[in-house]
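Reviewing the structure listed below.
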Amino acid sequence: MSVSSSSIHLDATPAAICFEPAKSAVIVVDMQNDFCSKGGMFDLAGHDIGLARDTIAPIARLLAGARRAGMHVVYLVHGFLPDLSDAGGPRSRNWLLNKDLNIGKEILAPDGSKGRIHIRNTWNTGVVDELKPEPADLVVYKNRFSGFYATDLDEQLRALGIDTLFLAGTTTSVCVESTLRDASFRDYTAVLLADCMGEALGEEFHVASQKVIAARLGWVSQSADLVKQLQRRDAARREAAA
């Protein structure tokens with residue numbers, strides 16, 4: 001990536017990167033009720049949602065800083081059509097995994113509305129209240145782990161001139177890593193923000209994903225460092241304009 005006067009330097013592993021906020025996006029992966037809220041799919045299945053919920057506060061700080069800096073924000077939402085026609089055939093791994101999680105089952109959501117597990121446009125696939133998208137943000141539904149599979153995510157990013165992606169969300173080793181892999185294959189500068197990751201399968205999977213990404217697929221950094229660099233640039237611009 002060429003470096004311009006508007007570029008920001010960010011420490012990362014395996015090496016520092018430079019990026020331009022206007023050509024960058026934060027990708028928020030699957031921070032939705034089914035994965036992160038009481039009464040959602042993971043909670044009903046007995047999975048610990050504590051680690052996913054621990055990421056809400058740092059992601060909120062990241063989004064506030066990114067929006068102030070003029071970065072784009074994209075939400076990936078994992079959900080299926082009401083008839084489950086996009087969930088895969090009965091022998092597919094995708095279908096079998098989700099069948100065990102009762103996809104399509106009707107529930108009474110905590111807010112009193114009718115929900116359906118893992119179905120689009122229900123409480124279940126709504127983004128958690130603390131991280132609700134703003135009008136200018138992009139929201140992309142997906143039906144597999146990767147946000148690039150059978151979606152127009154790549155086309156939308158290209159149309160905006162985006163070349164750098166900062167990924168946050170859940171879970172590190174599955175949907176986040178899958179999306180980052182596909183971003184890498186499409187030649188984006190793809191950065192995992194390790195302090196904004198929730199991992200449902202255990203800490204060893206979270207650590208392993210970071211190692212693989214840093215070794216072969218992209219970069220690993222911290223959202224706190226990213227926000228600090230954005231704030232420094234903003235302060236420098238205000239001082240120059242004074």
Close side-chain approach of Gln32 to Asn124, heavy-atom, < 4.5 Å: no
Hey, which of Asn143, Ile117, Thr125 is the one that makes side-chain contact (heavy atoms from CB on, under 4.5 Å) with Phe80? Asn143
Taking the six-membered ring where the residue is Trp, are the ring centres of His118 and Phe42 under 6.0 Å apart? no
Using 0.5 Å steps for rounding, measure from the CZ atom of Phe35 to the SG atom of Cys175. 6.0 Å
What's the shortest heavy-atom distance between Asp86 and Gly79, and which atoms? OD2-O, 4.2 Å
Quick one: does Glu130's side chain have a donor or acceptor within less than 3.5 Å of a partner on Ala60's backbone? no
Check the hydrophobic clustering (I, L, V, M, F, W, Y; side-chain heavy atoms under 4.5 Å; chains of links allowed) and say if Tyr75 and Phe145 are grouped together. no
Please report the interatomic distance CZ(Arg233) to CD1(Ile8), rounded to the nearest 0.5 Å. 4.5 Å
Between CD on residue Gln229 and OG on residue Ser7, distance to nearest 0.5 Å: 12.5 Å
Closest contact, heavy atoms only, Ala87 versus Ile103: CB-CD1, 4.2 Å
Ignoring hydrogens and angles, tell me if any N or O in the side chain of Lys228 forms a donor-acceptor pair with the backbone of Gln231 under 3.5 Å. no
Without swapping roles, check the side chain of Thr55 against the backbone of Ala52 for a donor-acceptor pair under 3.5 Å. yes
Counting C-beta onward and ignoring hydrogens, is there a side-chain heavy-atom pair between Thr164 and Trp219 closer than 4.5 Å? no
Where is the tightest heavy-atom contact between Phe166 and Met71, given as atom of each residue plus distance? CD1-CE, 3.6 Å
Ignoring hydrogens and angles, tell me if any N or O in the side chain of Asp43 forms a donor-acceptor pair with the backbone of Gly39 under 3.5 Å. yes
Check step by step if side-chain contact (heavy atoms from CB on, under 4.5 Å) holds for Asn102 and Met41. CA-CA 8 Å; Asn102 292 313; Met41 180 175 71; over 6 Å; no
Hydrophobic cluster (4.5 angstrom, side-chain heavy atoms) - remaining members for Leu153: Ile27, Val29, Val74, Leu76, Leu138, Val140, Phe148, Leu157, Leu160, Ile162, Leu165, Leu167, Val176, Leu180, Phe185, Tyr188, Leu192, Met197, Val212, Ile213, Leu217, Val220
Tell me whether Glu239 at atom CD has more than 12 heavy atoms from other residues, nucleotides or ligands lying less than 6.0 Å away. no
Please check this pair: side chain of Glu199 against backbone of Ser173, looking for a donor-acceptor N/O pair closer than 3.5 Å. yes
Begin from the C-alpha positions of Arg186 and Arg158 and carry the test side-chain contact (heavy atoms from CB on, under 4.5 Å) through to its verdict. CA-CA 11 Å; Arg186 289 164 172 79; Arg158 302 292 184 193; 3.6 Å; yes
Test your reading of the model: is there a side-chain donor-acceptor pair from Thr170 to the backbone of Met31, 3.5 Å cut-off? no
Could you state whether Val26 and Leu10 fall into the same hydrophobic cluster, counting links through intermediate Ile, Leu, Val, Met, Phe, Trp or Tyr residues with side-chain heavy atoms under 4.5 angstrom apart? yes
Least distance between heavy atoms, Val128 atom then Cys36 atom: CG1-CB, 3.7 Å
Is there side-chain contact between Val174 and Phe205, with heavy atoms separated by less than 4.5 Å? no
Heavy-atom neighbours of Lys105 NZ exceed 12 at 6.0 Å: no
Using the test ring pair (Phe, Tyr, Trp, His ring centres under 6.0 Å), find all partners of Tyr141 that sit at least two apart in sequence or belong to another chain. none
Are the side chains of Asp30 and Lys142 in touch, meaning some heavy atoms are under 4.5 Å apart? yes
Check: Thr151 side chain, Gly147 main-chain N or O, donor-acceptor pair, under 3.5 Å: yes
Looking only at heavy atoms, which two atoms of Ser146 and Asp182 are closest? And how far apart? OG-OD2, 2.6 Å
Could you work out, with salt bridge (charged side-chain N to carboxylate O under 4.0 Å, His left out) as the rule, every residue matching Arg181, not counting sequence neighbours? Glu177
Just by distance, do the side chain of Arg116 and the backbone of Pro82 share a donor-acceptor pair under 3.5 Å? yes
Measuring from Leu108:CG to Glu106:CD, what's the distance to the nearest 0.5 Å? 11.0 Å
Any side-chain donor near an acceptor of the partner, Asn94 and Ser92, under 3.5 Å: no
Roughly how far, to the nearest 0.5 Å, is CG of Asp225 from NE2 of His9? 10.0 Å
With side-chain contact (heavy atoms from CB on, under 4.5 Å) as the test, would you mind laying out the steps for Trp123 and Asp111 before giving the verdict? CA-CA 8 Å; Trp123 173 86; Asp111 65 1; 3.4 Å; yes
Kindly give the heavy-atom pair with the smallest separation between Asp137 and Glu134, and that separation in Å. OD2-N, 2.7 Å
In this structure, CG of Asp234 is separated from CG of Leu230 (nearest 0.5 Å) by 9.0 Å
Under a plain distance cut-off of 3.5 Å, with no hydrogens placed, do Asp195 and Ser223 share a side-chain donor-acceptor pair? yes
Let me check something: do Val139 and Leu63 share a hydrophobic cluster, defined by ILVMFWY side-chain heavy atoms less than 4.5 Å apart, either directly or through other members? yes
